[in-house]
Asker: 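What follows is a single structure, and I will ask about it in a moment.
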Amino acid sequence: MPDHSRAPLPFQVDLRGVVDLLSRHIYSGPRVYLRELLQNGRDAVAARRADDPTAPPGRLLITPHVPPSGSEAGSPFRFRDDGVGLTRDEAAELLATVGRSSKRGDLDELQRGDYLGRFGIGLLSCFMVADTITVRSRSARGGPAIEWIGDADGTFTIRELDDATTAAMPIGSEVVLDPRIDGPLHDGSLLGHGTVLGLASTFGRFLDLDVEVVDPSAPDHPVRINVDPVFRTAEATTREALLAFGEDLLGTRPFDAVEIVVPGTGTRGTAFVLPSPPPPGARQASRVYLGGMLLSEQIDDLLPEWAFFVRCIVDTTGLRPTASREQLVQDDALEFTREAIGATLRRWILDLARQRPHRLQEFIGVHQLGIKAIAAHDDDLASAVVRWLPIETSAGTMTIDEHLSQTGVIRYTASRDEFRQIASVVDPASPIVNGGYVYDQEILERLPHLIDGVRVERVTVADELDNLEPPHLDDLAATTALEDRASRVLAEVECRVSVRRYRPDDLAALYVADPSVLRRLERHRAASVAPGIWSQVVGAVDSFLADAGPGGAEADTAARLCLNWNAALVRRLATLDDDLVFERSIQLLYVQALLAGHRPLEARDRRMLDAAMTDLIGLSVGLDDKELR
Ligand SMILES: Nc1ncnc2c1ncn2[C@@H]1O[C@H](COP(=O)(O)OP(=O)(O)OP(=O)(O)O)[C@@H](O)[C@H]1O
């Protein structure tokens, strides 16, 4: 026997619970009630015009709430549209069914793209500011006017109005709200004139129908809040008006304004190029309007990641909002739009390179990181802009073009650390480039494909310091003694001392910590003590060990202070009797070499620096050894 007692029952909806869910978890706050009303009014006008293209272009009239004062009675908030209106059946079905919408195409034949609403929850947002919602409406499709009253407790009433009242009512709907003044979210001022005017302007000033707000002090002269969306109609706008709009948006005059048109998703707008680099980690806040109505000022996924040099403002009909109506749904349409905007920005940069190279140079000066990020992956763009990109070289910062005018070979280090170590000893006739900044190495390595006749070579500390020659055999005794004596001074900081000859002559000391350079130092040392054929044998054995990898020739990998035997100061130190002066001078050379190599000073290095400076000052003012120690 079938069990008839198990016939399906409809879900019950606790309206207060739903409103609580909306206000706390979906909407950003009660102020969105006005956005939802604007949207319903605008959609109702669109629906009426879809039925009857000769219908009026549409007008939304908002009369803010006036609180009672003294003996004067107050008046409720009213929102009027001259849209399609609602019949009794439509009101009963659409207004009181949570999740029911006439705009998804499941209830009538109209195209979804014409409407902003779709979820069937918008009207409920009015319960965040009022306990009852009254809708009086006269349908353009005929029949008596109706009055629907919904209560926050989850009940509603509906009645048809008599013929005289119907005849006196214009086609369209009026929503009436009495402010709710109890509870944490409620404040009559949300429906008052100041707030209403501000909200209507924030959300609806670019809507394509008149939006008017009544000022209670001049009720017969409602204020029209619409503003021309200059950002959306770039070709019909003067450039000056567009830049002035951008200045208003950014708080500073934009560097340029780039027109955005993505017909596939009905998206139009402007990307304003920022006149200064955005703070690191700043979000890409785009402002997005949906059919002229503000969706959000903080959309962060409309632009490609690299496009942090613009602030975008667009109006769209083809991108879909999430239920909160404050974000965009991550779908193919959004990805398509993002790619199209990226292509537009690339084209703008390429045009700048072709038509206004000086302006491009200025732009790169401001946004070099953004440009390098694109150039690192994009050959077309890279070949257009690469010459103007700034690079750091051992002869100063310059553009790639300036550097190439001095040399056809670009020699670069892969890290900043290596660059700093090499820059002080490099031959000025053949400067090196610091490839250690973000994207620089990728861009430098692609230069031969981008510019004809350019060669690129990576250099390492080991290659550059290969010209560290051992002292002549005649000086061996003096330099070995100097090495031993100075190494004892630096034992406390675990640094050994080697003496070599290198350029420039006035550079007295170099700090070396690179293992491959340390190996070479060892090799030279062996070569200098083993003359003739033995030096070749030792060299061969050494390079064999070096090739053997870790643990091979790395018997001694302590950091090294490499003193320059070409420097007069170092030769003088080798003959110095005064132990205190010797000690302090070596210590200072050590710290100086650390600083020149941009190495951090550890606590023990700083202690050494303090003591050495104090003593050298003492010595120079005539204190003797005893007074100092
Ligand atoms: N001013 C109005 N004139 C005519 N019909 C209206 C009006 N306001 C609401 N409606 C009808 O009531 C339905 C429900 O409205 P509601 O605001 O709850 O949802 P929606 O606008 O469809 O979707 P969303 O939740 O995305 O705003 C609408 O689909 C529409 O058919």
Side-chain angles (χ1 to χ4, degrees), residues 13 15 18-19 21-23 26-27 32-52 55 58-62 77-130 133-143 145-150 152 156 158 169-177 203-204 207 209 211 290-291 293-295 319-329:
V13 174
L15 198 63
V18 173
V19 172
L21 183 75
L22 287 178
S23 59
I26 296 192
Y27 295 139
V32 304
Y33 83 91
L34 195 69
R35 181 189 70 194
E36 297 300 321
L37 288 175
L38 283 166
Q39 178 190 293
N40 282 347
R42 184 258 183 214
D43 284 349
V45 167
R48 183 172 175 190
R49 285 175 64 80
D51 280 356
D52 171 13
R59 174 185 184 226
L60 307 179
L61 179 69
I62 313 171
F77 165 95
R78 293 169 189 281
F79 190 107
R80 257 221 74 80
D81 66 66
D82 52 7
V84 70
L86 290 157
T87 61
R88 186 183 200 286
D89 289 350
E90 285 167 343
E93 162 143 30
L94 295 167
L95 299 185
T97 312
V98 176
R100 175 74 100 208
S101 171
S102 63
K103 306 165 193 169
R104 278 195 296 258
D106 50 353
L107 292 177
D108 65 26
E109 297 302 309
L110 294 170
Q111 284 299 304
R112 203 348 281 127
D114 296 338
Y115 300 111
L116 301 177
R118 63 182 274 117
F119 297 106
I121 55 173
L123 192 64
L124 294 182
S125 64
C126 292
F127 283 129
M128 293 193 285
V129 292
I133 303 170
T134 303
V135 179
R136 285 196 198 94
S137 187
R138 181 180 165 197
S139 172
R141 293 161 186 163
I146 56 106
E147 180 182 78
W148 176 94
I149 302 176
F156 72 94
I158 187 163
M169 265 176 73
I171 287 175
S173 305
E174 179 175 64
V175 179
V176 183
L177 304 173
F203 290 119
L207 278 173
L209 73 176
V211 181
L290 207 64
M293 181 124 105
L294 179 67
L295 181 75
L319 298 178
R320 289 196 303 139
T322 59
S324 73
R325 210 166 285 287
E326 280 154 32
Q327 284 297 326
L328 290 169
V329 175

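The figures that follow rest on heavy atoms only: side chains count, while hydrogens, waters and symmetry mates do not. Whatever order the structure lists them in is the order used to number ligands and atoms, beginning at 1. None of the values given here were measured: they were computed from a predicted structure.
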Asker: As an exercise, state the distance from CD of Q39 to CG of L294, rounded to the nearest 0.5 Å.
Answerer: 12.0 Å
Asker: Could you tell me whether the side chain of R49 and the main chain of A55 form a donor-acceptor pair under 3.5 Å?
Answerer: yes
Asker: Taking any residue with a non-hydrogen atom under 4.0 angstrom from an atom of ligand 1, which ones do you get?
Answerer: E36, Q39, N40, A44, D81, L86, L94, L95, R100, S101, S102, K103, G117, R118, F119, G120, I121, G122, L123, S173, R325
Asker: Side chain of R48, backbone of D82: donor and acceptor closer than 3.5 Å?
Answerer: yes
Asker: Which residue is it: F77, Y27, F127? I am looking for the one with a side-chain contact (heavy atoms from CB on, under 4.5 Å) to Y33.
Answerer: F77
Asker: Can you name the one residue among V176, I133, V135 that meets side-chain contact (heavy atoms from CB on, under 4.5 Å) with C126?
Answerer: I133
Asker: For S139, is there any backbone N or O sitting under 3.5 Å from a side-chain donor or acceptor partner on T87?
Answerer: no
